[in-house]
Amino acid sequence: MHIVFAASECSPWAKSGGMADVVSSLPRALAKHGHRVSVFFPYYRQVAKAEPKAPVVVPSITIPFPTYSRFVRILNGGIAGGVQTYFIDCNELFDREAFYGTPSGEYADNAERFGLLCRAVIEASKILGVPDLFHVHDWQAAMLPVMLRSVYYFDPVLRNVPAVLTIHNAGYQGWFPPQTIEKLLLPWDMYTVDKLEHYDKVDFLKGGIVYADAITTVSRKYAEEIQTSEFGNGLDGVLRKRSGDLLGITNGIDSEEWNPATDSHIAAHYTAENLAGKKECRRDLLHAYGLEGVSDDTAVIGVVSRFTTQKGFDFIVEIMDRLAQEDMVLVILGSGEEYYERLLVEMAERYPAKVRVQVKFDIVMAHKIEAGADIFLMPSRYEPGGLNQLYSLKYGTVPVVRATGGLDDTIDEQPDGEGNGFKFWGYNAWELFDAIQRALETFRNKEQWAKMMRRGMAEDFSWDKPAAEYLRLYERVIQNRS
Ligand code: ADP
């Protein structure tokens, strides 16, 4: 089978969150099964810096707009792990400081940027090899199925090619003014509430949901949740309509990138059988945060996250005065909304011996936290899949999570400490505090804690099962279209 992935991010070149990890590791797992997989994403400034000499494979593809055209080059990003990577090069749109926008706002031409991405992937595929299926990710690539089923409707080579859409986060939908329909040369009859319109806006993700052959989310629970008004962000109705084609598949993790036995970013290696190296990682992490001298009996709580409301930072801030009285230190790594950056930095200033924050996107530090912390905190309001709790389990760092989406699917708390972590249900900061207290209490029982760490580390995080589920789905949608 030949599968083309279209996305706005792919690790390690361009990453702002978990989607980049999935777009990089799922193709490798599919390639292992003998399938041909090509991954397309934009040649952002950051990618160009890492790959300045990527060879040109297609020198010019015309992408039409109403009164002008843009011209895109396809660059060869090489083959790794059996997966072919291509970069979509369009200087004027992608050679920018950030992927989507700056702290002062999203780029005003994002509809054009990601509309172009979708059309460019379709056109490039016609030159480099029409796939058996397109697999597109989140709103940035969601217009690909919309285009396939509209402006490319009469194309004989694309007519029967299905598209699968994976929703990594329904909280981001790509809302643009109605004129976007014209801008992207789409027919106006698509601008209706059962298709692309969402409260007087064009909604890219909604378009993908309506026109994809199947839709997946990154956990089973989230597939259920987004069909409710609480989590659907206004798309629950359209998702319920497509519930027969909606499937939740829990992510695997890339065990080359995330493995405490081989991780090149951490101070020492360790395994479930020999945990000695984790102590060294803990020392190294505390040193990196200027917290030398913390006793072995004090729990190190880690957070690695985008700073957004979704991730539950308001809960952490709310309980901080009380949490600071506990025998713990809190180390936070993240970047994002200035509001949370400021709140968290203030919190660190108030409790310098207890709380430290590093405001940046730093992949090496993310690995150091996963390896060096004792407890990992993820009190998300909602969490489509969540990779960090899986990395934490694999690194013997016990997660404390809110029971939502992928967190609820993967973390299991048992009253006698027999589970793999701690979780709370209510939308309430004090339930988080109670869960942390349960974790701290268990932490004090060294034997029970080591058992819990090992239980998490022993779980199967490989992509084998999820990749097989994706393949079954691909086969089904291909068959339905032929
Ligand atoms: P989301 O995709 O919602 O951001 P996930 O838990 O699925 O959440 O994935 C987050 C990914 O992004 C993880 O690989 C995590 O290590 C990484 N990450 C998030 N923030 C940072 C940061 N500040 N520095 C480095 N990596 C980060």
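Both ligands and their constituent atoms are indexed starting at 1 by order of listing. For the numbers below, each heavy atom of this structure counts, side chains included, while hydrogens, waters and symmetry mates do not.
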Going by heavy-atom distance to atom 19 (C) of ligand 1, choose the closest among Val304, Leu390, Asp254. Val304
Top protein contact for atom 8 (O) of ligand 1, by heavy-atom distance: Lys311 NZ, 3.1 Å
Checking the N or O distance criterion of under 3.5 Å, is ligand 1 in contact with Ser16? no
State, without any angle test, whether Trp258 and Glu370 hold a side-chain donor-acceptor pair at a distance under 3.5 Å. no
Interatomic distance, CD@Glu9 vs NE2@His137, rounded to 0.5 Å, equals 11.5 Å
Examine the side chains of Ser11 and Asp21 and answer whether a donor and an acceptor come within less than 3.5 Å of each other. yes
From Gly18, Gly406, Ser392 - option closest to atom 9 (O) of ligand 1 by heavy atom: Gly18
Would you say ligand 1 has an N or O under 3.5 Å from any N or O of Gln310? no
Quick one, Phe40 with Phe5, criterion ring pair (Phe, Tyr, Trp, His ring centres under 6.0 Å). Give me CA distance, side-chain angles, the key distance, then yes/no. CA-CA 6 Å; Phe40 288 84; Phe5 272 56; over 10 Å; no
Under 4.0 angstrom from ligand 1, any heavy atom of Gln389? no
Stepwise, does the side chain to side chain contact (heavy atoms under 4.5 Å, CB included) test hold for Glu318 with Asp314? CA-CA 6 Å; Glu318 194 178 335; Asp314 45 348; 5.9 Å; no
Any chance the side chains of Ser8 and Tyr100 put a donor and an acceptor closer than 3.5 Å? yes
Looking only at side chains, do Asn233 and Tyr172 share a donor and an acceptor under 3.5 Å apart? no
Looking only at protein heavy atoms, which one is nearest to atom 5 (P) of ligand 1, and what is the separation? Leu387 N, 3.6 Å
Just to be sure I'm reading this right: ignoring hydrogens, which of Phe361, Trp258, Tyr172, Phe307 gets closest to atom 27 (C) of ligand 1? Compare them by their nearest heavy atoms. Phe361
Check whether any N or O atom of Leu333, backbone or side chain, sits under 3.5 Å from an N or O atom of ligand 1, and answer yes or no. no
